[in-house]
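All remarks here apply to the structure that follows.
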2 protein chains.
Amino acid sequence: MMTSVDTDLIRVLADPLRLRIVTLLAEETLCTTHLVEETGARQTNLSNHLRVLREAGVVETEPCGRYTYYRLRPDVIDRLAGQFADLAESARTAADNKRACP
Amino acid sequence: MMTSVDTDLIRVLADPLRLRIVTLLAEETLCTTHLVEETGARQTNLSNHLRVLREAGVVETEPCGRYTYYRLRPDVIDRLAGQFADLAESARTAADNKRACP
DNA sequence: CTGTCACATCAGTCCAAGCTGATATCAGTC
DNA sequence: GACTGATATCAGCTTGGACTGATGTGACAG
């Protein structure tokens, strides 16, 4: 069984600011203005990161007048958690597999 | 409750080659030579990545003569899986929290 | 329709980090 | 000791991607 983790998804979450955004969105649904306040990042920068998160399917948007709400998609995060759990489980099972030196 | 994920740890795992190494090590304990064969990467490159993984505590080494065995630490991966699971859980709970527009 | 505000896009800069070749180190073998 | 093979370290090159300022677009208020 070759448990593999979604590389692209991790890379998306590996940026400090993006992870901060995701953490904030795990608590409540916010729009860009709120995120600017919370993170202190420039609007342009934030907008770029939100685009990455959106294209990766990590967040979904809900337009509301001239505002845009961002919501975290729990299933995506859950899938990732599962992949890591499988990896850890696999490592535990194969703890004593040691390939012989060539 | 502010569930936070270890940024440094994710960044370490966000590299494709490093994630490949981790996946291989989840199946069996290997030494550098094996990893060179499996991944096709140069020895120097691999050694650099292994250093990063070692310093992050993701893998542990076991010298064996002139070989060095690398073993994955399941607890570290498990902790990460738990952090993501918490994040997803938090997002589910707070699904309807929507901060009002300013 | 005009101004303002929220948000996205574009073009350019800059730096962290991945990759490499050369070299060092250390363990076995002869 | 001399030699070979396994692994680590070093210095330099190069590139992806994060950040920014300027600008575009679209929605609401007046």
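Just so you know, these numbers use all the heavy atoms, side chains as well, and skip hydrogens, waters and symmetry mates.
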Could you state the OH-C1' distance from Tyr67(A) to dC5(C), rounded to the nearest angstrom? 7 Å
Look at the aromatic rings of Phe84(A) and Phe84(B) and report parallel, tilted or perpendicular, splitting at 30° and 60°. parallel
Just wondering, do Arg18(A) and Val58(A) contact through their side chains at under 4.5 Å, heavy atoms? no
Asn45(B) side chain N/O closer than 4.0 Å to the phosphate oxygens (OP1, OP2) of dG18(C)? no
Check the phosphate of dA8(C) against Arg51(A), side-chain N and O only, distance under 4.0 Å to OP1 or OP2. Yes or no? no
Heavy atoms from C-beta onward define the side chain here; which of dC10(C), dC19(C), dA8(C) lies closest to that of Tyr70(A)? dA8(C)
Say you draw a straight line from NE2 of His49(A) to OG1 of Thr32(A); how long is it, rounded to the nearest 0.5 Å? 13.0 Å
Nearest to side-chain heavy atoms of Arg42(A), which nucleotide of dA6(D), dG21(D), dT9(C): dG21(D)
Between Ala41(A) and Thr32(B), which has a closest nucleotide on DNA chain D that is more 5'? Thr32(B)
Check every atom of dA18(D), dT9(C), dT7(D) against the side chain of Arg18(A) and return the nucleotide holding the closest atom. dA18(D)
Which nucleotide sits closest to the side chain of Asn48(A): dC7(C), dA6(D), dT20(D)? dT20(D)
Does His34(B) put a side-chain nitrogen or oxygen below 4.0 Å from OP1 or OP2 of dA6(D)? no
Close side-chain approach of Leu72(A) to Leu24(A), heavy-atom, < 4.5 Å: no
Can you tell me how far OG1 of Thr61(B) sits from OH of Tyr69(B), rounded to the nearest 0.5 angstrom? 13.5 Å
Expressed in angstrom and rounded to an integer, what is the separation of His49(A) atom NE2 from dT9(C) atom P? 15 Å
How many Å lie between CG on Leu50(A) and C1' on dC19(D), as a whole number? 15 Å
Between atom CG in Leu53(A) and atom C1' in dA18(D), what is the gap in whole Å? 14 Å
For nucleotides 22-30 of chain D, which of its nitrogen or oxygen atoms have a protein nitrogen or oxygen under 3.5 Å away, and what is each distance?
{"from": "dA22(D)", "atom 1": "N6", "to": "Thr44(A)", "atom 2": "OG1", "distance (Å)": "3.2"}

Here the distance between atom P of dA6(D) and atom CG of Leu46(B), to the nearest Å, is 14 Å
What's the closest nucleotide to the side chain of Ser47(B) if the choices are dT9(D), dA6(C), dA6(D)? dT9(D)
I'd like to know if the side chain of Ser90(B) reaches the main chain of Ala26(A), judged simply by a donor and an acceptor atom lying under 3.5 Å from each other, with no hydrogens or angles considered. yes
Starting at atom CZ of Arg20(A), determine the distance to atom P of dC19(D), rounded to an integer number of angstrom. 14 Å
Specify the separation, in whole Å, of atom CG of Leu35(B) and atom P of dA6(D). 14 Å
Let me know the distance between CG of Asp15(B) and P of dA17(C), rounded to the nearest Å. 11 Å
Only pairs with both distances under 3.5 Å count, Watson-Crick or wobble alike; so what is the partner of dG12(C) in this structure? dC19(D)
Do Leu50(A) and Leu35(A) make a side-chain contact, defined as non-hydrogen atoms from C-beta onward lying under 4.5 Å apart? yes
Does a side-chain heavy-atom distance below 4.5 Å link His34(B) with Glu28(B)? no
